[in-house]
Amino acid sequence: MTLPTELESSVTQLRAKHAALVTAVNNYLSGTVAQSKQDLLGMAYDLHDRIAVEERALLGQIARKGRMPSLVLDFVNQKYGIGPRRIESLSALQNILTFTRSTGGGRFNEQGDYEWVGSDVPRLDYDPVTKVCRGLLIEVQRVNHLLQSQTFNVGSIWQAVGSGAATPAGRSFAGIPGFKVASGGYSWSAVRQPVSVNAGQPYIYRALCSPGTSGKVFFTVRDMSTTSAVASITANFPPEGETLELGTGSGPLGEYFRRKVISIGGGYYIAEIGFTPTTNQEMRFEIGANDETAGKDCIFYYTQLEMGTYATSYIPTTTAAVTRASDTVDVPMQLWFNGRKGTILVDFQIVGTATSYARVFEVNKNSESNNAIRIQRNNDTDHLVIISREQKGAGYSSAVFTDGYKNGGKVALSFGEGPTPTAMNGVAGTSLNFLPYGLDSMSFGRAPQNLHYSSLYIRGFEFIPDISTYDQLRELTQP
C-alpha cells in the first residue's frame with residue numbers, strides 16, 4: 001500500500017539535487033565561476049543517472065500493477081497521492097477526505113503519548129509501546145461511565161475497601177500518571193466506584209495497570225447490596241507478552257463473557273471483564289492489589305466502563321461521564337475515479353466481533369445509497385465478504401473469504417465488464433459479475449448502524465483505473 005520505494009528514494013535525491021543547484025547558482029553570483037562550473041557538471045552526470053533509475057522504477061511499477069494508482073492513501077506511512085501528485089500531509093487531504101466526529105477523541109501519537117484531539121480531527125493512532133502507526137482509527141460512539149478515570153483518590157467518587165488507598169506512583173504510561181492502590185492487609189483491599197447498570201445490556205470493564213510491589217491484581221465487579229461478585233480477577237500478572245485467560249460463565253447477578261489479563265509490552269497490562277447483569281442495579285467496580293501484606297500495591301493508570309461486548313479507545317473523565325461520538329470518513333470521487341472499470345485495494349484491521357453485518361467500506365451512487373460495492377464481515381459466519389450489485393434492489397454477486405480473514409488484512413477487487421477477480425491476503429477469491437453504475441461516493445464507516453464492531457483501522461487504500469488480473473491482485477494483497 002506504499003508508493004514505490006525506488007520512486008520515493010528518487011524524490012528525496014532530486015530534492016537534494018535542487019539544493020545543490022541553488023548552491024551552484026549562488027557560487028556563480030558570488031563570483032566563484034570555476035566552482036560553479038564544477039558543481040553544475042557534477043549535477044548533470046548525477047541527474048542523468050537519476051533519470052535512468054526513475055525510468056526503470058516507473059516501468060517496473062507499470063509492469064507490476066498495470067497502471068499507476070490514481071489515488072494512494074497510505075495511513076501507516078503517511079504517504080498520499082492523487083495520480084502523479086504527492087500530497088505532503090493528512091491535513092492537505094481536506095479536499096479529498098471528509099472526516100466527521102461531533103466530539104473529541106483519544107489517540108496515541110507518534111511519540112507514544114496519549115492525547116485528546118478535537119472534533120472532526122482524524123486520528124492516526126500509534127502503538128504506545130512500539131510507536132508503530134496502526135492506521136486511521138474509526139470507532140462507534142461510546143461512553144465511559146466511570147468518573148475520575150485516571151485519578152483514584154478516595155473521596156466522594158472513589159471509596160476505600162478494607163483500608164485500600166490510592167497515591168501517586170511516580171510512574172506514567174504514555175503521559176498518563178499512575179496511581180498506586182495499596183493493600184491495607186487484606187487481599188481484597190481496594191478502591192471502588194458505584195455505577196448503575198441496565199439489565200440485559202453487555203458491559204466491558206477495563207483497566208490499564210502494572211504490577212507495582214505486589215505482582216498481583218485485584219479487579220472485580222460486585223453488587224452493592226449483597227456484595228456478591230458478578231466476576232473477579234484475582235491473579236498474578238502473566239509473563240511479558242502473554243495473555244491470562246480466566247474463562248467465562250455466570251455468577252449470581254448475571255453472565256460474564258470475558259475475564260482476562262493481557263500483556264501489552266513494557267511491563268503494562270490490560271485487565272478486562274465483560275458481563276451482562278440480570279437486573280437494573282447499582283454495582284461497584286473495584287481495583288487493587290491481590291495481596292495480604294499491608295502496603296503492597298498495584299499501579300493503575302486508567303479505568304473505563306462501556307456498554308458493548310468489546311472495549312474501544314480510552315475516554316478520559318473527571319466529574320461526569322464522557323461521550324466520544326462515532327467517526328465517519330467520506331471520500332468524493334470526481335478527481336480520481338474511473339466509473340467504467342477499476343481496481344480497489346483496502347488494507348484494514350477490525351477490533352472486536354461483529355454483532356451484525358460489520359461494514360468496512362462501501363461505494364455508492366449517492367442519490368440512491370445503493371451499496372454498489374461493499375466489504376463487510378458477516379456476524380452469522382464471521383466471514384469476510386465482498387459484494388457487488390448493478391443497481392439498488394437488483395441482484396448481486398459476492399466473494400466470500402473464510403478461515404482467518406474476519407479480522408482484516410489486504411482485500412482487493414476489480415470491477416468492469418464481465419466477471420472480474422477478487423483476492424485477499426494473497427489468495428484469489430471468486431469473481432464478481434455485475435458492473436456498478438453511476439458511482440460517486442466512497443466511505444469508511446459511513447453508516448454507524450452498519451459499523452458493528454468496536455474499532456476499525458484503515459491502514460491504506462489504492463484505486464487503479466483499470467481491471468487487474470488474478471495474479472496482479474494476489475501480488476497486491478500479499479500480507
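Keep in mind that what you see is a predicted model, and the values were worked out from it rather than measured.
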Donor-acceptor contact present, side-chain [X] to main-chain [Y], <3.5 Å:
| X | Y | answer |
| --- | --- | --- |
| Gln304 | Tyr302 | no |
| Asn290 | Val217 | no |
| Asn77 | Lys79 | no |
| Ser102 | Ala325 | no |
| Thr317 | Ala320 | no |
| Gln472 | Thr469 | yes |
| Ser263 | Gly241 | yes |
| Arg123 | Gly106 | yes |
| Thr477 | Leu473 | yes |

Quick test of your reading: applying salt bridge (charged side-chain N to carboxylate O under 4.0 Å, His left out), list the pairs with at least one residue in [range], sequence neighbours left out, ordered by first then second residue.
| range | result |
| --- | --- |
| residues 99-114 | Arg101-Asp327, Arg107-Glu110, Arg107-Glu115 |
| residues 238-248 | Glu245-Lys260 |
| residues 310-323 | none |

Are the charged groups of Arg459 and Asp347 less than 4.0 angstrom apart, N to O?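 Yes, Arg459 and Asp347 are salt-bridged.
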Candidates Phe300, Phe219, Tyr205 - the one meeting ring pair (Phe, Tyr, Trp, His ring centres under 6.0 Å) with Phe285: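 The passing option is Tyr205.
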Distance-only side-chain donor-acceptor flag, [X] / [Y], under 3.5 Å:
| X | Y | answer |
| --- | --- | --- |
| Arg324 | Ser313 | yes |
| Thr420 | Ser431 | no |
| Ser455 | Glu139 | yes |
| Ser149 | Tyr314 | yes |
| Gln111 | Tyr126 | no |

Centre-to-centre under 6.0 Å for Phe444 and Phe361, is that the case here?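 For Phe444 and Phe361, the ring centres are under 6.0 Å apart.
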Consider side-chain contact (heavy atoms from CB on, under 4.5 Å). Of Leu136, Asp330, Thr328, which one does Phe99 pass it with?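 For Phe99, the side-chain contact (heavy atoms from CB on, under 4.5 Å) check succeeds only for Leu136.
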Do the rings of Phe237 and Tyr269 sit parallel, tilted or perpendicular, given the 30° and 60° boundaries?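 Rings of Phe237 and Tyr269: tilted, 30 to 60°.
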Taking only residues two or more places apart in sequence, or in another chain, which ones meet [X] in a ring pair (Phe, Tyr, Trp, His ring centres under 6.0 Å)?
| X | answer |
| --- | --- |
| Phe463 | Trp336, Phe337 |
| Phe257 | none |
| Phe75 | Tyr80 |
| Tyr268 | Phe173, Tyr301 |

As an exercise, state the distance from [atom1] of [X] to [atom2] of [Y], rounded to the nearest 0.5 Å.
| X | Y | atom1 | atom2 | answer |
| --- | --- | --- | --- | --- |
| Ile464 | Lys341 | CD1 | NZ | 12.5 Å |
| Leu244 | Ile262 | CG | CD1 | 10.0 Å |
| Leu137 | Gln349 | CG | CD | 10.5 Å |
| Glu272 | Leu208 | CD | CG | 11.5 Å |
| Thr103 | Ile315 | OG1 | CD1 | 8.0 Å |
| Met424 | Arg474 | CE | CZ | 16.0 Å |

Could you pull out all residues at least two apart from [X] that satisfy side chain to side chain contact (heavy atoms under 4.5 Å, CB included)?
| X | result |
| --- | --- |
| Ser232 | Thr220, Ala229 |
| Asn198 | Gln201, Tyr203, Asn280, Met307 |
| Gln148 | Thr151, Ile157, Trp158 |
| Tyr256 | Ala231, Arg259, Phe275 |

Check: [Y] and [X] side chains under 4.5 Å, non-hydrogen atoms:
| X | Y | value |
| --- | --- | --- |
| Ile299 | Phe179 | no |
| Leu305 | Val195 | yes |
| Val400 | Thr430 | no |

Does Glu255 CD have over 12 foreign heavy atoms under 6.0 Å away?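 Incorrect, the count does not exceed 12.
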By salt bridge (Lys or Arg N to Asp or Glu O under 4.0 Å), which residues pair with Asp120, not counting sequence neighbours?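 Partners of Asp120 under the salt bridge (Lys or Arg N to Asp or Glu O under 4.0 Å) test: none.
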